[in-house]
Each structure stands twice: as C-alpha cells, then as structure tokens.
Protein chains: 2
Amino acid sequence: MAAQRPRRQPTLDEVAERAGVSRSAASRVINKAPHVSRATREAVERAIKEMGYLPNRTARALATRQTGIVALAVSHDDPELFADPFFAQVIVGVSAALEETDLHLLLCLASSGRGRSRLTNLLHTRGVDGIMLMALHGDDPLTHIVRRAGLPAVYGGRPLNFEPQWYVDSDNLGGARLATEYLIGLGRTRIVTITGPMSTDVGRARHRGYREAMIMAGLTPYATAEGDFTETGGAAAMKSLLDSHPDLDAIFAASDDTAAGALRVLIDAGRSVPADVAVVGFDDLGMAERTDPPLTTVHQSVQALGREMTRMLVDLIAGHEPSSIILPTKLVLRDSA
Amino acid sequence: MAAQRPRRQPTLDEVAERAGVSRSAASRVINKAPHVSRATREAVERAIKEMGYLPNRTARALATRQTGIVALAVSHDDPELFADPFFAQVIVGVSAALEETDLHLLLCLASSGRGRSRLTNLLHTRGVDGIMLMALHGDDPLTHIVRRAGLPAVYGGRPLNFEPQWYVDSDNLGGARLATEYLIGLGRTRIVTITGPMSTDVGRARHRGYREAMIMAGLTPYATAEGDFTETGGAAAMKSLLDSHPDLDAIFAASDDTAAGALRVLIDAGRSVPADVAVVGFDDLGMAERTDPPLTTVHQSVQALGREMTRMLVDLIAGHEPSSIILPTKLVLRDSA
DNA sequence: GGTAAAACTGGAAGCGCTTCCAGTGATGTT
DNA sequence: AACATCACTGGAAGCGCTTCCAGTTTTACC
C-alpha cells in the first residue's frame with residue numbers, strides 16, 4: 001500500500017468562494033492587510049476554519065519571491081567534521097532563534113565537489129532567502145558565489161582571507177589571552193602553546209592571544225607547536241614540545257581535544273597536572289569535563305553563536321542593517337590549571 | 001550598504017526568445033523530454049549557456065508540485081538531546097545519501113509546542129516532499145499529522161506504540177543479546193543490566209535482548225535498574241545495583257554514556273574493570289574509546305541508519321515500495337570486558 | 001446636503017515554470 | 001498515390017498565491 005492519497009488541500013479560490021468574497025479579499029485577510037471590512041474578515045476566517053485551509057507555501061513563495069527557508073552551510077572537505085559537537089550546538093542555537101520566526105532551516109553539508117555545486121545551484125535558483133556559512137577554508141569559492149548571488153549572508157567565524165560584512169565570531173583572541181594571563185598569574189613562566197591549524201583564522205587568533213599575553217607580561221613566548229584541533233594532533237605536538245622544551249611548566253592548548261591529547265602524553269611522561277604542568281584548553285563543549293583531570297578551559301557559547309547568526313540573517317532579510325558581533329569568551333576553572 | 005542587488009536571473013521566456021523557439025520547446029530541452037529536434041536543443045542549450053540561465057526552483061515546484069526538499073524531524077521535548085553525537089552521525093549519513101539526488105535537507109528540531117506546530121504547518125502546506133522522523137516519544141501527535149498529510153514518511157527507530165510502515169532501525173535486540181552472550185561466555189553469571197528509559201522502544205529492545213540471552217543460557221536475569229541513557233543516570237543506577245547486589249560480576253549497559261557513568265562508580269567503589277566486573281556498553285559513538293578502560297561495546301552504524309532512511313524516503317517519493325530495514329549491530333571488543 | 005477623503009472591493013495581471021493539446025510537416029506502409 | 005503514423009512545434013491553460021488598480025461605497029467634515 002502506498003502512502004494514502006491525501007485529500008486535496010483547499011485553495012484560496014475555494015475559500016473565497018465559500019466566504020462569498022473575491023480571492024483578493026481573502027488573500028488580504030490571510031495576510032492581515034489593511035482595507036478589509038469586519039464582515040469580510042469574519043466570513044473568510046470562518047471559511048478558513050471550516051475548510052481547514054492552509055496557504056500553499058510554494059505558491060506564496062512564487063508570488064512573493066520569498067521561500068521562507070534559510071540555509072546553514074558547512075563547507076568543508078571532510079564530512080566527518082560535522083560530527084564535532086560544535087555544529088550540533090550551533091544548530092541548537094539556530095533552531096531556537098528560528099523558532100521565533102516563520103523561517104525553516106535547510107542544512108547543507110557541502111563537502112564534495114558535487115555537494116558544493118548543489119549548494120551553488122540552490123543559491124542561484126533562489127531556493128533560500130539567505131545563508132549562514134561556516135567552516136569555510138580560506139579561498140572557498142562559495143564566498144564568491146554567495147556574493148554574486150546577492151543573497152543575504154552571514155558568516156559564523158571569520159574566513160582567513162577577508163572580513164565578511166556580516167559575521168558572528170567568538171572572541172578567540174581575548175579568550176586565548178585570558179587563558180595565558182591566567183597561567184602567568186599562576187606564576188608559570190615557561191608557557192608553551194599548541195595551536196590550531198595556522199591556515200584558519202581561529203587557529204591564528206588563539207595563537208596571537210597567547211603571544212600578546214606573554215609579551216605584555218614581559219615574557220617571551222616559550223615555544224609553539226602547530227596542532228589541528230584534534231586529540232591525536234595535540235598528543236603529537238605535546239610529544240615534540242616535551243622533547244624540545246622538557247622544562248615547560250604550562251600549556252595553552254587551542255582546543256579541548258588538543259588539550260586532552262596533550263594531557264594523555266603528559267601523564268604518560270610522568271608529569272603531574274597541574275602540579276608540574278598546568279594545562280588550559282579552549283571550547284568547553286563537554287569534553288573538558290570528562291578529561292582527567294577535568295580541564296580548565298576557555299568557554300565559548302556556541303549556541304549563542306548560532307542564535308546570533310540567525311538573528312543577524314533574519315534582520316538582513318528584513319532589510320535592516322545589523323552589525324557584526326563578537327561573542328565574549330570566559331575562563332572556566334577546573335583542575336588542570 | 002545592503003546586500004548588493006543581484007542582477008535578475010533570466011527567465012525561461014527570455015531563453016526561449018533568444019533561442020528563437022517557444023517556451024514549451026525550451027522547457028522540453030531543459031527537462032530532457034522527448035520530441036525535441038536536434039536543432040532546437042542546440043539553440044536552447046546555447047542560449048542557456050550564454051545567459052547563464054538556471055530554472056527557478058519555486059516556479060518549478062509550483063508547477064510540478066514537488067519541492068525538492070525532504071525534512072528530517074527530531075521531535076523531542078529537550079532541544080539539548082540533539083547535541084547527542086548520534087544525530088550528527090545520522091545527518092552525515094543522510095547528507096551523503098542526498099548528495100546522489102537533487103533533494104535538499106530541511107532540519108526541524110521540533111521541541112517546543114511552537115516548534116511542533118511549525119512542523120505541522122510545513123507538512124500541511126506541502127513545504128517538503130517527504131519526511132524522516134526520529135526520536136518521537138510514544139504518542140507523538142506528529143505521527144497522526146504525518147499520516148493525515150499523506151506525505152511519504154520513514155521512521156528512524158521504531159516508536160513505542162505502533163509499527164510504522166516504513167522504518168530503519170538498528171538491531172537493538174540482537175545487539176543486546178550479543179553483548180550479554182559475550183559476558184556469559186566469559187563465565188560471568190551474576191550479570192546485571194542498566195536499561196534505557198522503558199518508555200522507549202530502544203530501551204525495551206535492549207533490555208529484552210539481555211533477558212533473552214540470560215534465559216536462553218539457563219541463567220536468571222540477575223538484576224535490572226532503569227537508566228536514561230545518560231552518564232549521570234548510569235552512575236545512579238550503578239550505585240543502587242551495587243547496593244542491592246554487591247556481588248554482581250558483569251554489567252550490560254544500554255548505552256555507552258550509561259556505561260561510562262557505571263564505570264566511574266565502579267572504580268570509585270574499588271572494583272577493578274574488567275577483573276572484578278566486566279562492562280559492556282552500546283552505541284560506539286566515540287565516547288567508548290575514551291573511557292578508562294576503553295569500553296567493549298555494541299557498535300551500531302548510525303551513518304548507515306541515516307543513509308538507509310534517506311534512500312527509503314527517496315524510493316517512496318519516486319513511487320516505489322521499499323521495505324523496512326533492520327541494520328545489524330556488532331560487538332567491538334576493547335578492555336572493559 | 002454636498003464634497004473630499006478614506007475605506008473597501010473584485011478584476012486582472014502577474015510570479016516562472018510544466019504540460020496538455022491541436023496542428024504541422026516528415027516518414028513509412030500498402 | 002493515398003493513407004496512417006510519428007516526431008516535432010507553439011499556443012494556452014494551468015500550478016496557487018500576491019498585488020496593483022480602477023471603481024464603488026462609507027465616512028468625515030463643512
């Protein structure tokens with residue numbers, strides 16, 4: 001048995017006929033437009049209720065040139081990246097914000113070439129009213145496509161190469177500085193950092209925060225190893241740092257995963273945390289509570305990121321002029337520092 | 001400065017005019033319909049290329065009554081549930097499958113009442129061509145709505161109250177049996193289980209698998225405590241089991257989070273794992289590798305779940321008659337048992 | 001009571017596409 | 001040579017809604 005044939009939804013014409021008014025009148029009451037007499041409105045409302053009428057989205061979209069859908073695009077070569085809890089949090093934030101509107105969320109994991117061209121097509125064919133972009137790599141062609149499509153667009157996090165007109169970002173620089181200053185305040189001086197990929201803005205900003213804090217405190221940045229935000233990357237970096245600077249006494253890791261990897265290596269090397277080596281991470285997306293010892297880390301509010309991106313996009317679509325936002329980060333003290 | 005005005009996309013009429021043919025002819029070549037002469041096709045194709053024409057999605061949707069969008073709905077009261085890595089994996093699977101089609105994914109976190117009514121509206125207004133439903137609680141009104149809307153629908157996991165016509169599910173029963181049999185094979189006899197919520201089908205199926213394995217082996221199910229799939233829930237259940245059955249020698253936990261909580265309590269209570277107590281979890285979504293000791297667990301392929309749901313829905317939309325699927329689970333041996 | 005302005009109304013023209021249909025010319029069959 | 005058949009074509013009628021506009025009624029005000 002196939003899906004049961006739905007009984008056809010009534011159309012506006014039918015509603016109008018039943019209410020004994022013209023289609024335009026009916027349309028006006030549905031859209032709460034002015035110039036509708038009380039009698040007309042009530043007749044139409046009654047007919048709507050009786051017939052269970054709901055306006056057809058597509059038809060309305062065609063007439064108004066508004067789809068009522070916004071896209072969230074995660075453009076990254078590795079589809080598994082999406083498994084990072086970061087995105088789930090973004091989506092929770094986005095959804096919460098959309099719930100206060102009439103917009104729906106279209107999710108686009110544009111990893112492959114095909115995925116990207118599908119997204120491009122979606123934009124060019126006016127399949128959505130606006131787009132939120134995340135995790136672009138530096139010279140993502142999507143950037144140009146979005147521009148050329150002239151579609152309202154907001155960025156989550158800044159791409160490396162250019163400053164988008166509208167973006168929401170966490171205060172990575174400030175957070176990194178905060179973390180490093182805290183380590184300095186603890187009396188540590190041989191503070192090293194494991195960065196994220198230097199090919200990303202996040203990676204660079206968090207590194208820069210570390211350097212600035214060190215220099216402002218009159219210390220020299222003790223050592224740097226590049227990680228990739230992953231646990232294994234963190235472990236590898238930790239090993240090489242331990243080799244080259246065995247006397248290090250604190251670490252600022254650019255992500256909690258990185259920190260977790262570092263932590264493991266440190267323990268294995270017989271260092272006690274935080275007594276011998278203090279460790280601070282970045283993100284605070286759950287993982288930080290589950291390391292051993294629990295991780296002191298810089299908290300960023302990812303749901304807020306999603307929420308603010310959405311609000312910004314909604315504003316943009318409504319024709320307003322929002323301004324970009326940087327969300328504060330804060331230090332969360334646990335046991336690793 | 002507002003988003004730059006996009007230069008208007010050319011329409012089919014304009015393409016037809018440029019190619020010197022009628023609109024219907026142009027439409028035919030775009031849709032690769034028959035009855036198009038070579039000359040016509042080439043003229044139209046040239047015009048399309050020259051003008052950079054792309055058919056307007058909405059207009060096409062109105063004419064064909066197909067939106068080219070499918071929904072994935074997560075209907076659950078707690079929006080945070082979505083943060084569970086499970087859903088990210090589902091989405092990766094869904095996206096991969098959709099990439100081979102011309103469909104896009106609309107994601108609907110229908111937690112609040114408002115969220116649900118927005119979803120309802122989306123369905124009734126024919127905003128999507130089909131829907132995948134997940135995480136419904138027993139008597140979710142969505143079920144009826146979907147039915148009434150007569151929309152192609154597939155379920156991810158079975159709801160408690162009824163067997164949907166089309167669903168994809170992991171073999172929870174079989175997995176639980178596998179886990180328990182393994183513990184039995186280890187020579188354990190005082191095997192307890194911490195279940196998921198008994199108000200869910202997953203919870204019940206995994207419990208039933210445990211009981212069946214025990215009974216088939218001639219053992220009596222030693223003790224059961226109800227958990228809620230979370231780490232804290234697992235810890236609480238573990239405590240009470242340890243109280244009432246201090247001599248237990250193995251645990252089948254209905255999820256890895258549950259197992260992690262149990263593990264913590266066991267270690268704190270001075271039991272060694274797996275020597276004193278063997279522990280097996282369920283899910284294998286990353287967490288299992290990070291517990292101490294790493295968790296022996298039942299692996300379910302969540303990406304496959306997403307992928308198969310999608311394929312099933314696509315089939316359904318195409319008018320075919322797919323059949324429901326149960327995906328095998330398998331035991332992954334690590335150190336906890 | 002007369003006028004100007006305002007409120008209301010329905011007809012009609014879109015939005016950009018698909019698809020049915022009747023008509024044309026080309027091809028094939030006896 | 002007459003006929004049926006087929007591929008092709010463009011006109012026209014949708015899909016279900018919004019919105020402009022011109023006309024009609026009401027209201028407000030002197």
Side-chain angles (χ1 to χ4, degrees), chain A residues 6-45 47-48 51-69 102 121-122 124-129, chain B residues 6-45 47-48 51-69 102 121-122 124-129:
Chain A
R7 63 169 161 43
R8 206 173 58 68
Q9 290 280 348
T11 72
L12 185 55
D13 274 309
E14 290 162 6
V15 168
E17 180 171 22
R18 171 145 192 164
V21 301
S22 75
R23 185 183 357 158
S24 20
S27 175
R28 266 177 235 126
V29 1
I30 285 168
N31 296 304
K32 304 197 190 314
H35 308 307
V36 173
S37 72
R38 187 190 161 114
T40 300
R41 178 160 33 78
E42 283 173 355
V44 172
E45 278 166 356
I48 287 176
M51 308 177 73
Y53 171 78
L54 281 173
N56 177 305
R57 238 162 218 281
T58 310
R60 178 176 279 187
L62 182 59
T64 60
R65 296 139 172 285
Q66 293 266 304
T67 61
I69 300 177
D102 283 318
N121 183 274
L122 183 72
H124 276 137
T125 55
R126 300 264 99 107
V128 295
D129 295 339
Chain B
R7 59 170 162 43
R8 206 173 60 66
Q9 291 279 349
T11 72
L12 184 55
D13 274 309
E14 290 163 6
V15 169
E17 180 172 22
R18 173 145 191 163
V21 301
S22 75
R23 186 185 354 160
S24 21
S27 176
R28 266 177 236 125
V29 1
I30 286 168
N31 297 304
K32 304 196 191 314
H35 307 308
V36 173
S37 71
R38 186 188 162 116
T40 300
R41 177 160 33 77
E42 283 171 355
V44 172
E45 278 166 355
I48 287 176
M51 308 177 73
Y53 170 78
L54 282 173
N56 177 305
R57 238 162 217 281
T58 309
R60 177 176 278 187
L62 183 58
T64 59
R65 297 139 171 285
Q66 292 266 307
T67 61
I69 301 179
D102 282 319
N121 182 274
L122 183 72
H124 276 138
T125 55
R126 302 264 99 105
V128 295
D129 294 340

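Residue numbers start from 1 in every chain, and the chains themselves are labelled A, B, ... in the order their sequence lines are given, proteins ahead of strands. This one's a predicted model, so the numbers in the text were calculated from it and none came from an experiment.
Residue B:V36 is the one, among B:V36 and B:A59, whose nearest nucleotide of DNA chain D lies closer to the 5' end (criterion: closest heavy atom).
At a cut-off of 3.5 angstrom, counting only N and O atoms as typed in the model, there is a donor on one side and an acceptor on the other between the side-chain of A:R28 and the base of C:dG10. With hydrogens and angles left out, the side chain of A:S24 and the base of C:dG11 share a donor-acceptor pair within 3.5 Å.
The CD1-P distance, from B:I48 to C:dG16, rounds to 16 Å in whole Å. At whole-Å resolution of the value, CD in A:E17 and P in C:dG10 are 13 Å apart. Spacing between atom CD of B:Q9 and atom C1' of C:dG16 amounts to 12 Å, rounded to whole angstrom units. Atom CD in B:Q66 sits roughly 10 Å away from atom P in C:dT19 (whole-Å rounding). One can place NE2 of A:H35 at 18 Å from P of D:dT25, the figure rounded to the nearest angstrom. Atom CZ of A:R60 is separated from atom P of C:dG16 by 18 Å (rounded to the nearest Å). Between the CD atom of A:E42 and the P atom of C:dC8 there is a distance of 13 Å, rounded to whole Å. Going from atom CG of A:D13 over to atom C1' of D:dT18 covers 12 Å, rounded to whole Å.
Taking the charged nitrogens against the carboxylate oxygens, A:R38 and A:E42 do have a contact shorter than 4.0 Å, which makes a salt bridge.
Within a 6.0 Å sphere centred on CD of A:E17, heavy atoms belonging to other residues, nucleotides or ligands number 12 at most.
Using a 4.0 Å cut-off, no side-chain N or O of B:S37 falls inside it from OP1 or OP2 of D:dA7. Note on A:R65: a side-chain N or O is less than 4.0 Å away from OP1 or OP2 of C:dG16. In this model, the phosphate group of D:dC15 is not approached by any side-chain N or O of A:N56 to a distance below 4.0 Å at OP1 or OP2. Distances shorter than 4.0 Å separate none of the side-chain N or O atoms of A:T11 from OP1 or OP2 on D:dG16.
For the side chain to side chain donor-acceptor pair (under 3.5 Å) with B:T125, the qualifying choice from A:R57, A:R60, A:Q9 is A:R57, the only one to do so.
The listed nucleotides are C:dG16, D:dC17, D:dG10; the one nearest the side chain of B:V21 is D:dG10. Of the candidate nucleotides D:dC15, C:dC15, D:dC17, C:dC15 has the atom lying nearest to any side-chain atom of A:L62. Among C:dG10, D:dC15, D:dG10, the nucleotide with an atom closest to any side-chain atom of A:S22 is C:dG10.
The CD atom of B:E45 sits 9.5 Å away from the CD1 atom of B:I30 when rounded to the nearest 0.5 Å.
A:V15 places a side-chain heavy atom less than 4.5 Å from the side chain of A:M51.
Residue contacts shown for A:S27 include a base, since a base heavy atom lies under 4.0 Å away. Residue contacts for A:T40: at a heavy-atom cut-off of 4.0 Å it reaches the sugar-phosphate backbone alone, with no base atom in range.
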